[in-house]
Q: 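Attaching a single structure in structure tokens format; questions to follow.
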Amino acid sequence: MFISKNKWILIFSVSIIAILILFSSLNDKPSTVKINNMDQAKQYLENHTFGDISMMQLYNQILVYNSSIDQKIELEELKIGLTTDYKVRVMIMNVIDTSNAELKSYSIQYNKETNYLNVIEKQGEENKTRPSATEVLTKLDKYKDRITFPKGNYSYYNVNFYSSGSIGPGDNLYAINDQGVHMIKDTMLEGLIFMVYGDSIKKEDSPIYYIMTY
């Protein structure tokens, strides 16, 4: 059967549109991250000190996702406020799911004083290089018992993820690895950097920086 030129053009155009729609639907598929029951996570925070908490366990209690996208969940921000007996007082953990074309951000927010634990979902910011959430939390779990908090008349302590990159040498800069804690004296090191300080901050204070090397 003969098909006219115009019909071939129509068939070709329809095929191209169908392909574009298919790729668009694949790129814009909804996030595969699910938010879990929060009660268990809240009890876990309330019943453990910072030294006993597994941040990975807490993270996995709250956010559930397919293991195939594990390395595509990136950490944007982590701030942990502690009481002087090292209980978690406040926490903000922001992660971004980069597994789809449309980035999705999840902000885990906890406040012990107001008995508040929630996850806020929103569209993620522009795609830029961030470390894997699993990588940061696993390193923190491994080495956090080697962190020393500042001495002084403080009401609270804070542990913040500072950046992924290089640091050193300088005052109040320490490297943490399997051999222990070492002052960074004469070299630059690559790794995950955490900032530790007391609150309220005094004029003479300066944060302590710990780098957990790759």
Side-chain angles (χ1 to χ4, degrees), residues 28-128 130-145 147 149 154-164 192-199 210 212:
D28 295 332
K29 62 184 178 181
S31 172
T32 53
V33 175
K34 307 293 184 188
I35 298 170
N36 204 9
N37 189 327
M38 307 292 281
D39 292 338
Q40 183 181 5
K42 189 189 295 183
Q43 289 178 10
Y44 185 69
L45 279 168
E46 291 172 350
N47 295 331
H48 292 80
T49 63
F50 177 68
D52 296 329
I53 287 174
S54 164
M55 298 304 297
M56 268 302 299
Q57 179 177 330
L58 176 68
Y59 167 69
N60 286 328
Q61 281 179 343
I62 296 174
L63 299 182
V64 179
Y65 51 86
N66 190 309
S67 60
S68 65
I69 67 166
D70 181 36
Q71 295 303 314
K72 295 182 179 179
I73 306 291
E74 299 176 350
L75 183 73
E76 183 176 44
E77 182 179 25
L78 176 62
K79 295 182 177 180
I80 306 170
L82 305 173
T83 62
T84 51
D85 57 354
Y86 308 110
K87 289 288 191 75
V88 177
R89 182 178 65 91
V90 293
M91 183 185 73
I92 296 176
M93 183 191 302
N94 294 339
V95 299
I96 295 184
D97 176 9
T98 67
S99 62
N100 300 316
E102 183 178 347
L103 305 183
K104 191 81 170 181
S105 174
Y106 300 87
S107 180
I108 302 170
Q109 302 180 6
Y110 173 71
N111 188 317
K112 178 178 174 60
E113 294 177 3
T114 59
N115 195 33
Y116 177 83
L117 177 63
N118 199 13
V119 178
I120 298 173
E121 298 180 56
K122 58 182 180 179
Q123 187 173 344
E125 297 181 4
E126 75 280 0
N127 203 353
K128 59 182 180 181
R130 306 176 186 88
S132 157
T134 296
E135 179 184 24
V136 176
L137 298 179
T138 300
K139 282 279 190 183
L140 183 59
D141 282 344
K142 184 176 182 180
Y143 294 128
K144 70 179 184 296
D145 62 338
I147 290 175
F149 292 92
Y154 297 107
S155 301
Y156 310 108
Y157 299 117
N158 296 280
V159 180
N160 297 348
F161 176 64
Y162 184 71
S163 70
S164 172
L192 304 171
I193 304 165
F194 292 83
M195 180 173 65
V196 178
Y197 59 96
D199 199 4
Y210 292 94
M212 299 179 183

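Count residues from 1 along the sequence.
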Q: Can you name the one residue among Val88, Val90, Leu58 that meets side-chain contact (heavy atoms from CB on, under 4.5 Å) with Tyr110?
A: Val88

Q: Counting distance only, does the side-chain N/O of Asp52 pair as donor-acceptor with the main-chain N or O of His48 below 3.5 Å?
A: no

Q: Answer yes when Lys79 and Glu77 have at least one side-chain N-carboxylate O distance shorter than 4.0 Å, and no when they do not.
A: yes

Q: Should Val196 and Tyr157 count as side-chain neighbours, where that means a heavy-atom distance under 4.5 Å?
A: no

Q: Any side-chain to backbone donor/acceptor pair from Lys112 onto Leu82? Under 3.5 Å, distance only.
A: no

Q: If we check side-chain contact (heavy atoms from CB on, under 4.5 Å) with Ile108, which of these qualifies: Ile120, Ile35, Ile62?
A: Ile62

Q: Take Leu140 and Met212 through the test side chain to side chain contact (heavy atoms under 4.5 Å, CB included) and record every step on the way to the result.
A: CA-CA 8 Å; Leu140 183 59; Met212 299 179 183; 4.0 Å; yes

Q: Do Thr138 and Asp141 get their side chains close enough for a donor-acceptor pair, meaning under 3.5 Å?
A: no

Q: Is any side-chain heavy atom of Leu45 less than 4.5 Å from a side-chain heavy atom of Ile53?
A: yes

Q: Knowing that exactly one of Tyr210, Phe161, Tyr162 qualifies, which makes a ring-ring contact (aromatic ring centres under 6.0 Å, His included) with Phe194?
A: Phe161

Q: Pick out which of Val95, Leu137, Ile92, Val159 makes a side-chain contact (heavy atoms from CB on, under 4.5 Å) with Leu78.
A: Leu137

Q: Keeping Thr98 on the side-chain end and Lys72 on the backbone end, is there a donor-acceptor pair under 3.5 Å?
A: yes

Q: How are the rings of Phe50 and Phe149 set relative to one another: parallel (under 30°), tilted (30 to 60°) or perpendicular (over 60°)?
A: perpendicular

Q: Does Glu46, at its CD atom, have more than 12 non-hydrogen atoms belonging to other residues, nucleotides or ligands within less than 6.0 Å?
A: yes

Q: Check for a donor-acceptor pair, side chain of Asn94 on one end and backbone N or O of Glu76 on the other, with a separation under 3.5 Å.
A: no

Q: Is the shortest side-chain heavy-atom distance between Val119 and Met38 below 4.5 Å?
A: yes

Q: Is there a donor-acceptor pair under 3.5 Å between the side chain of Asp97 and the backbone N or O of Ser99?
A: yes

Q: Donor-acceptor pair, distance only, cut-off 3.5 Å: does the side chain of Tyr44 make one with the backbone of Ser54?
A: yes

Q: Answer yes if the side chains of Tyr116 and Asn118 hold a donor-acceptor pair under 3.5 Å, and no otherwise.
A: yes

Q: Holding to side-chain contact (heavy atoms from CB on, under 4.5 Å), I want the full list of residues that pass it with Lys142, two or more places apart in sequence or in another chain.
A: Asp178

